[in-house]
Protein chains: 2
Amino acid sequence: MPEATGSSHTMRALTELRQRILNGELQGGTRLLEVPLAEMLQISRTPVREAMSRLAEEGLLERARSGFVVRTFGLDDVIDAIELRGVLEGTAARLAAERGANPELLSRITRIVAELDECFDGGPGDTDFESYSRLNADFHHVLAQLAGSKVIARELDRVMRLPFASPSAFLPDKVDMVSRRHSLDLAQAQHREIVAAIGEREGARAEALAREHARTARRDLEYVIARKRSLTGPVASIALIVD
Amino acid sequence: MPEATGSSHTMRALTELRQRILNGELQGGTRLLEVPLAEMLQISRTPVREAMSRLAEEGLLERARSGFVVRTFGLDDVIDAIELRGVLEGTAARLAAERGANPELLSRITRIVAELDECFDGGPGDTDFESYSRLNADFHHVLAQLAGSKVIARELDRVMRLPFASPSAFLPDKVDMVSRRHSLDLAQAQHREIVAAIGEREGARAEALAREHARTARRDLEYVIARKRSLTGPVASIALIVD
DNA sequence: GCCGCATGCAATGTATACATTTTGCACCAC
DNA sequence: GTGGTGCAAAATGTATACATTGCATGCGGC
């Protein structure tokens, strides 16, 4: 039985299309036609369809009456997606606190928070952005699982897979590190508080903290927009659309 | 250009497979093989794949390393899905209140609540269950849109499409109407309160009420389980698995 | 001039042949 | 007995030919 999830041509089509959508080459509202895409990628229509189907599942495309259309994201949608992530993470945190979190996961997330601290240890101007970004993603991934609910974790993963709703989408990077270090400090303090609230089984507090944490991401987004600074990551085009 | 969304063979496969999953003929964990399904449905593998892809999008199937597997739902998952619906509806209600709901939608949902009242007018034992169920679905559908957020509405629709998370899944039906009339009365009172809170722009209250409303659905579910009464609707098998 | 139908084109739906790959099973070596 | 390796078969990945369908365009009648 071959891999149904990641065949070579399908995977390439998936990767290429995703990239072209995220970098703005395929703008929102664009209708995707099988034949031209197949010719462009030098493959047959079949893997193109398969790839488009998966991108619809990811939320980057939507099915039209016929075929697929690139989903349109405006500033409102980006803000709502961040809000939604906050709500879902709040729910995950609350349920984890109420039901009692898996001890192994709880110690794992505690360790992640400690490792996040270490990213600042190199010195004030020597923050390890790459490590921070990766560990931050780990934190949110473990948080999604902490409620012990497949349903919650699944939907949270879905929402976080939208690139502009990802926990690291608008993180202050090296360029901003000096002026916006306080944002990272705040976020890290929130990480600690969320884990503490879950450990102390204070559900309501854990939920409120997780929501507030997402609002930090929103403030980072607003900073990016205010500065009209183009992003470097996969969210580049979104930031432009948003602008 | 033909219809990409609802071709005959694909649609038939979609309908048949969905039904066989929901009625338990295809149990959770079952691996779906293209060739046997194509033979069973007397069509080729292509529309079978298309249908399975859409069922994965609906959340009834999940992609395995190879092919698709029927998603497993236990009692925990059903409860979590209802909780999730409550959280999302709470968010929709809160945002609608905070941002100001679309007046047209607000009057529409107000009217739906009034029409729900009329379902009881026929007399104590003459409640129109069909109408109530339909109007109840309408209420929740409009509520999903009331926040004016495509992102929220989309995710809410996704969750509600899971048959056991639908607002009408465990509604007391004719059989229970006498003994469980109070459940419908409570739900209807909550409908009114939610709309009122949104109209009065009390976000936190609207959110809390919507969450509480979902817990009514959870109590209905628990009643069904406690009575070990098999359901008649599309959720029949789920209720059995749950049991 | 306008309405309506027919026709052609374009795009996706469907079927099927073939390629690729995974996986289960058996056999052999250790 | 256990583990690994290889082979075979089954299942999906891929390509492509053909069917179907919806839309646009143009012509003809009214």
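- A salt bridge does not link B:Asp80 with A:Lys150: every distance from a Lys NZ or Arg NE/NH1/NH2 to an Asp or Glu carboxylate oxygen is 4.0 Å or more.
- We find the CG-CZ distance between B:Leu106 and B:Arg111 to be 14.5 Å, quoted to the nearest 0.5 Å.
- Taking only side-chain atoms of B:Ser66, from C-beta outward, the nucleotide of D:dT14, C:dT12, D:dT12 with the closest atom is D:dT12.
- One interatomic measurement links the two molecules: CE of A:Met11 to C1' of D:dT12, which rounds to 16 Å at whole-angstrom precision.
- Contact check on B:Glu83 versus A:Arg99 returns no salt bridge, with no Lys/Arg side-chain nitrogen under 4.0 Å from an Asp/Glu carboxylate oxygen.
- Following rounding to the nearest Å, B:Leu33 (CG) and C:dG24 (P) show an atom-to-atom distance of 12 Å.
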Output one line per pair: protein atom, nucleotide atom from nucleotides 15-18 of chain C, and distance, for all N/O pairs under 3.5 Å.
from	atom 1	to	atom 2	distance (Å)
C:dA15	OP1	B:His9	ND1	3.2
C:dA15	OP2	B:Ser44	N	2.7
C:dA15	OP2	B:Ser44	OG	2.6
C:dA15	O5'	B:Ser44	OG	3.4
C:dA15	N7	B:Thr46	OG1	2.8

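- With sequence neighbours left out, the side-chain contact (heavy atoms from CB on, under 4.5 Å) criterion links A:Arg18 to A:Leu14, A:Leu22, A:Leu55, A:Glu58, A:Leu60.
- Considering only side-chain N and O atoms, A:Arg49 lies nowhere under 4.0 angstrom from the phosphate OP1 or OP2 of D:dT14.
- Within the structure, the salt bridge (charged side-chain N to carboxylate O under 4.0 Å, His left out) test picks out no pair touching residues 159-169 of chain B (sequence neighbours left out).
- A:Leu32 comes within 4.0 angstrom of the backbone, heavy atoms only, and of no base.
- To the nearest angstrom, P of C:dT14 lies 8 Å from CD of B:Glu50.
- What separates CZ of A:Phe68 from P of C:dT12 is a distance of 10 Å, to the nearest Å.
- Within the 4.0 Å cut-off from OP1 or OP2 of D:dT20, not a single side-chain nitrogen or oxygen of B:Ser8 is found.
- Classified by interplanar angle (parallel below 30°, tilted 30° to 60°, perpendicular above 60°), the ring pair A:Phe139/A:His191 is tilted.
- Atoms CZ (B:Arg65) and P (D:dG13) sit 13 Å apart, rounded to a whole Å.
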